[in-house]
A.B. asks: 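Below you will find the structure I want to go over with you.
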Amino acid sequence: MRVAVVTGSSRGIGREIAACLFEEGYQVAIHFHKNRELAEELAAQLNAQGRGNKAVAIGADISQKAQVDVLFCQVRQMLGPVDVLVNNAGIAGQKLFTDLTEADWNTMLGINLNGVFYACQCALKDMIPRQAGKIINISSMWGQVGASCEVHYSAAKAGVIGLTKALAKELGPSHITVNCVAPGVIETDMNGNLDAETIEELKAETPLGVLGTPRDVAQMVRFLASHQADFITGQVFGVNGGFVLSG
């Protein structure tokens, strides 16, 4: 059975991605940092479906290389070599640029960008020798167009897009695809701090008039992980209801 690692999958978009890939028959590693209970709960729910594949919850601070190394060693021991990596783990934050501290900047990039770097290097130890694999990075529409008061977040997510495109070129000869999904405003805990007025404004700015769901993003990841997407690499897919239109 193929093995998928989904970082930051105890809740929100990552949780739905892990569930979608499990439904497709993958052995799934549900990565968490602090939400052990939610991750183990999801693993138990998936395993209770009796599909024959397995889900496991594994914890690690994705911003720490040593912990990411251990995470992938555990995945190999428990499930096998990695076929699909979904870099979903991330944090958000709103702050005036002039108020940002060095710690704010380093924490944001450490999780949202460095974590992608560490996880990709670990997964490629399995993928390159087998000349096969799929890496799917979760960015954001703000990584495409920037967001006021979210400079550190936008910079990190833009970095994920650049990493995706460059790595896709480098790994093409190894038959490994690297793609990016850039969600718009999605109904998750990460946006739970927004007030009702702001939510309505965001809906009004979205051509489809509604916010997206984690399932909307997960369905795109499901496609990119499948053999139907074997000839697609280095691309950025907006799942944003038309909020951002790229040419």
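Keep in mind that the numbers below use all heavy atoms, side chains included, and drop hydrogens, waters and symmetry copies.
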A.B. asks: Answer yes or no: does atom NZ of Lys95 have more than 12 heavy-atom neighbours from other residues, nucleotides or ligands under 6.0 Å?
C.D. replies: yes
A.B. asks: Is it the case that more than 12 heavy atoms not belonging to Glu37 sit under 6.0 Å from its CD atom?
C.D. replies: no
A.B. asks: Within the supplied structure, the quantity of interest is the number of heavy atoms (other residues, nucleotides, ligands) at a distance under 6.0 Å from Glu170 CD; does it exceed 12?
C.D. replies: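 No, not enclosed.
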A.B. asks: Does Asp216 offer a backbone N or O that forms a donor-acceptor pair with the side chain of Thr213 under 3.5 Å?
C.D. replies: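 Checking the backbone N and O of Asp216 against the side chain of Thr213, a donor-acceptor pair under 3.5 Å is found.
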A.B. asks: Write out all pairs satisfying ring pair (Phe, Tyr, Trp, His ring centres under 6.0 Å) with one or both partners inside residues 125-145, taking only residues at least two apart or from two chains.
C.D. replies: Trp142-Phe243
A.B. asks: How would you list, by chain and number, every residue that makes a salt bridge (Lys or Arg N to Asp or Glu O under 4.0 Å) with Lys65, sequence neighbours excluded?
C.D. replies: Asp69
A.B. asks: Counting only N and O atoms by type, is there a donor-acceptor contact under 3.5 Å from the side chain of Gln235 to the main-chain atoms of Ile232?
C.D. replies: no
A.B. asks: Taking Asp83 for the side chain and Val3 for the main chain, is one N or O donor matched with an acceptor at less than 3.5 Å?
C.D. replies: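 Checked: pair present.
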A.B. asks: Donor-acceptor check, side chain of Ser154 to backbone of Ala147, threshold 3.5 angstrom: yes or no?
C.D. replies: yes
A.B. asks: So, the side chain of Arg15 versus the backbone of Ser10: is there a donor-acceptor pair under 3.5 Å, distance only?
C.D. replies: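 Yes.
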A.B. asks: Taking only Lys NZ, Arg NE, NH1 and NH2, and the carboxylate oxygens of Asp or Glu, determine whether Arg11 and Glu16 approach each other closer than 4.0 Å.
C.D. replies: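 So Arg11 does not pair with Glu16 through a salt bridge.
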A.B. asks: Ignoring hydrogens and angles, state whether a donor on the side chain of Asn137 or Thr164 is under 3.5 Å from an acceptor on the partner side chain.
C.D. replies: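 Thr164 and Asn137 do have a side-chain donor-acceptor pair below 3.5 Å.
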A.B. asks: Pick one: which of Asn114, Val68, Asn112 meets side chain to side chain contact (heavy atoms under 4.5 Å, CB included) with Ile62?
C.D. replies: Val68
A.B. asks: One thing to verify: whether Arg51 and Glu23 come together as a salt bridge, which I'm taking to mean a side-chain N less than 4.0 angstrom from a carboxylate O.
C.D. replies: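 The answer is no: the pair does not qualify as a salt bridge.
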A.B. asks: For the pair Asn240 (side chain) and Pro183 (backbone), establish whether a donor and an acceptor sit closer than 3.5 Å, ignoring hydrogens and angles.
C.D. replies: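 Checked: no pair found.
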